[in-house]
Number of protein chains: 2
Amino acid sequence: MPSSTVENYLKHILLLSEGAQDLVSMGELAAALAVVPGTATTMIKALAREGYVAHQPRQGVSLTPSGRTVALSVLRKHRLVETFLVNVLKMDWASVHAEAEQLEHAISDEVLDRLDALLGYPATDPHGDPIPSRKGKLNFQVYASLATCALKQPLRIVRITEQTAEFLQFADQNNLLPGSTLSVTGRNLTAGLATIKTAGTRAQALSITAAGKILVEPLRR
Amino acid sequence: MPSSTVENYLKHILLLSEGAQDLVSMGELAAALAVVPGTATTMIKALAREGYVAHQPRQGVSLTPSGRTVALSVLRKHRLVETFLVNVLKMDWASVHAEAEQLEHAISDEVLDRLDALLGYPATDPHGDPIPSRKGKLNFQVYASLATCALKQPLRIVRITEQTAEFLQFADQNNLLPGSTLSVTGRNLTAGLATIKTAGTRAQALSITAAGKILVEPLRR
DNA sequence: CGCGCTATTTTGAGTAGTCAAAATAATTTA
DNA sequence: TAAATTATTTTGACTACTCAAAATAGCGCG
Ligand SMILES: [Mn+2]
Ligand SMILES: [Mn+2]
Ligand SMILES: [Mn+2]
Ligand SMILES: [Mn+2]
């Protein structure tokens with residue numbers, strides 16, 4: 001069985017390659033795991049020896065099928081645990097990420113299946129992140145963000161791509177949760193600002209950087 | 001924060017000194033943790049340096065107040081998690097011990113408090129083991145066992161003191177669960193057997209060793 | 001083409017936890 | 001009380017993971 005260190009490495013490689021090209025650089029991997037780059041290199045060489053990753057020296061690293069299986073299983077645990085903590089234990093959605101970071105390594109498949117059933121087989125976690133299926137299928141979908149979508153169109157928030165407690169608290173306070181509806185009334189790239197308007201509230205400004213972390217879909221029907 | 005290895009050492013010292021004299025020998029501690037005795041000695045010396053235990057060389061080890069606090073917190077997590085797994089997720093009571101062995105190190109106090117509330121602040125876990133309070137009070141009570149109680153008296157099972165899946169499965173199949181009522185009809189110390197009679201079933205034999213692991217209280221009222 | 005910047009890799013060292021086997025202490029037996 | 005048995009401790013070695021700092025490779029620019 002892979003240690004929780006190994007699980008964290010594999011999960012972060014998966015996360016960092018989501019959507020992007022397949023090779024993850026040592027620099028970004030080390031930063032994501034909060035270790036120095038040399039540590040990541042050493043570890044990746046060990047993981048390559050064990051068949052979890054393919055390492056292109058000085059280029060980057062990618063998951064093998066076996067590494068991807070482990071990574072998806074850990075990610076599934078992480079996101080189902082987050083959902084449990086928010087939906088059942090009513091915890092603050094900004095704090096559950098840190099909890100799940102530990103629990104994802106301690107939960108058995110048996111417990112996970114029962115949690116999944118208890119929750120009604122959810123497709124996404126509280127942040128809108130897709131939950132990999134038991135079989136290891138990750139429903140990857142490309143969405144526009146508040147930084148890239150069309151202006152003045154009714155939108156629904158589907159996902160917040162940023163796990164830090166600060167950002168999530170900010171989103172919560174401004175009613176920017178998955179499910180809420182809004183539209184972007186204007187955008188000023190020079191100033192780096194977007195103006196948004198949510199249902200019950202008045203217009204507010206948002207940095208383009210923050211806007212890019214909030215994914216939306218056009219409100220149809 | 002103590003590592004999960006340290007937590008396991010402290011928890012097992014607490015369990016092994018439950019009821020008995022205070023000093024736990026290196027031999028029994030090593031056996032409980034499935035390490036060789038030399039490893040336990042080395043580790044205990046480190047724990048003594050960190051103030052978690054008092055080590056009487058060649059005599060044994062006992063918890064300091066600080067070590068006891070940690071041990072009680074881990075034990076509380078263990079038993080509340082077991083209760084959650086059985087009562088909410090409807091897991092087999094024989095398998096939850098192994099699950100809790102991991103989860104006890106990954107659960108935060110915040111999550112634990114909410115779990116406690118969800119479960120209705122239970123006093124004991126599914127095996128009848130007392131759950132330490134948030135303040136660290138462990139309700140230790142001396143009970144008779146099926147090996148020591150009076151004969152022909154109506155009894156209620158209050159606790160099963162043995163965590164192995166085999167024994168718990170056996171107890172389950174013979175309806176020997178906390179709460180069930182029965183009486184001991186006879187005992188033959190020479191043959192090492194006890195005969196018991198539960199409500200709906202016919203009399204059955206039980207080894208004295210097994211009987212000693214089933215704690216009971218006289219059925220009053 | 002060669003110089004310099006940056007990311008990566010290598011090297012050397014340290015911590016936590018473990019085991020096998022030898023040394024030692026304590027206790028039991030004769 | 002001396003020898004034998006048993007439990008504990010010590011020693012030396014190993015794995016997993018980490019960092020600091022030095023070495024190296026791969027650019028991009030002049
Ligand atoms: Mn993690
Ligand atoms: Mn999430
Ligand atoms: Mn444990
Ligand atoms: Mn229990």
Side-chain angles (χ1 to χ4, degrees), chain A residues 1-13 16-17 20-64 66-67 70-71 74 101-102 104-106, chain B residues 1-14 16-17 20-63 66-67 70-71 74 101-102 104-106:
Chain A
M1 281 306 90
S3 68
S4 51
T5 305
V6 169
E7 289 186 342
N8 278 333
Y9 273 83
L10 298 177
K11 186 189 71 172
H12 277 105
I13 295 170
L16 289 170
S17 51
Q21 346 54 335
D22 39 4
L23 285 197
V24 175
S25 76
M26 288 306 132
E28 43 180 354
L29 182 56
L33 289 159
V35 295
V36 301
T39 300
T41 302
T42 308
M43 192 68 195
I44 286 303
K45 283 170 64 173
L47 295 183
R49 211 175 324 108
E50 292 163 50
Y52 290 123
V53 301
H55 184 205
Q56 258 68 61
R58 302 214 178 242
Q59 302 290 129
V61 68
S62 59
L63 294 172
T64 62
S66 130
V70 174
V74 177
E101 205 53 56
Q102 302 308 312
E104 64 188 359
H105 311 294
Chain B
M1 283 303 91
S3 67
S4 51
T5 304
V6 169
E7 290 186 341
N8 279 331
Y9 272 83
L10 298 177
K11 187 189 70 172
H12 278 104
I13 296 170
L14 178 67
L16 289 170
S17 52
Q21 343 58 330
D22 38 5
L23 285 197
V24 174
S25 76
M26 287 304 132
E28 44 180 356
L29 182 57
L33 290 159
V35 296
V36 301
T39 300
T41 302
T42 309
M43 193 66 195
I44 285 304
K45 284 171 64 172
L47 295 183
R49 212 175 325 107
E50 291 163 51
Y52 290 123
V53 302
H55 183 206
Q56 256 70 60
R58 304 210 116 94
Q59 301 289 128
V61 67
S62 59
L63 294 172
S66 131
V70 174
V74 177
E101 205 53 56
Q102 303 308 313
E104 66 189 359
H105 311 294

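No experiment lies behind these values; they were computed from the predicted model shown.
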Let me know the distance between [atom1] of [X] and [atom2] of [N], rounded to the nearest Å.
| X | N | atom1 | atom2 | answer |
| --- | --- | --- | --- | --- |
| B:M43 | D:dT8 | CE | P | 18 Å |
| A:H105 | D:dC17 | NE2 | P | 12 Å |
| B:I44 | D:dT10 | CD1 | C1' | 16 Å |
| B:M26 | D:dT9 | CE | P | 5 Å |
| B:R49 | C:dA16 | CZ | C1' | 12 Å |

Separation of [Y] [atom2] from [X] [atom1] (nearest 0.5 Å):
| X | Y | atom1 | atom2 | result |
| --- | --- | --- | --- | --- |
| B:T5 | B:M43 | OG1 | CE | 6.0 Å |
| B:Y52 | B:L63 | OH | CG | 11.5 Å |
| A:L16 | A:S62 | CG | OG | 13.0 Å |
| A:M26 | A:Q59 | CE | CD | 10.5 Å |
| B:H55 | B:L47 | NE2 | CG | 10.5 Å |

Output the residues of [range] in contact with DNA chain D, where contact means a heavy atom of the residue under 4.0 Å from an atom of the strand; sort by number or write none.
| range | answer |
| --- | --- |
| residues 2-13 of chain A | A:S3, A:T5, A:Y9 |
| residues 50-61 of chain B | B:H55, B:P57, B:R58 |
| residues 27-41 of chain A | A:A34, A:V35, A:V36, A:T39 |

Atom pairs, protein N/O to nucleotides 12-14 of chain C N/O, distance under 3.5 Å:
none

Quick one: closest heavy-atom pair of [X] and [Y], and the distance?
| X | Y | result |
| --- | --- | --- |
| A:S66 | A:G51 | OG-O, 3.7 Å |
| B:L10 | B:A71 | O-CB, 3.5 Å |
| A:Y9 | A:I44 | CD2-CD1, 4.4 Å |
| A:E7 | A:P2 | OE2-O, 4.0 Å |
| A:I13 | A:V24 | O-CG2, 3.8 Å |

Exercise for the section: Decide side chain to side chain contact (heavy atoms under 4.5 Å, CB included) for A:K11 and A:E101; before the verdict, give the C-alpha distance in whole Å, the side-chain angles of both, and the deciding distance to 0.1 Å. Expected result: CA-CA 11 Å; A:K11 186 189 71 172; A:E101 205 53 56; 2.8 Å; yes

Handout entry: Contacts of A:E28 that satisfy side chain to side chain donor-acceptor pair (under 3.5 Å) - sequence neighbours left out
Key =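 For A:E28, no residue satisfies side chain to side chain donor-acceptor pair (under 3.5 Å) once neighbours in sequence are set aside.
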
Practice task
With sequence neighbours left out, write down each residue that passes side-chain contact (heavy atoms from CB on, under 4.5 Å) with B:T42, or none if nothing qualifies.
Solution key: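 With sequence neighbours excluded, B:T42 shows a side-chain contact (heavy atoms from CB on, under 4.5 Å) to no residue whatsoever.
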
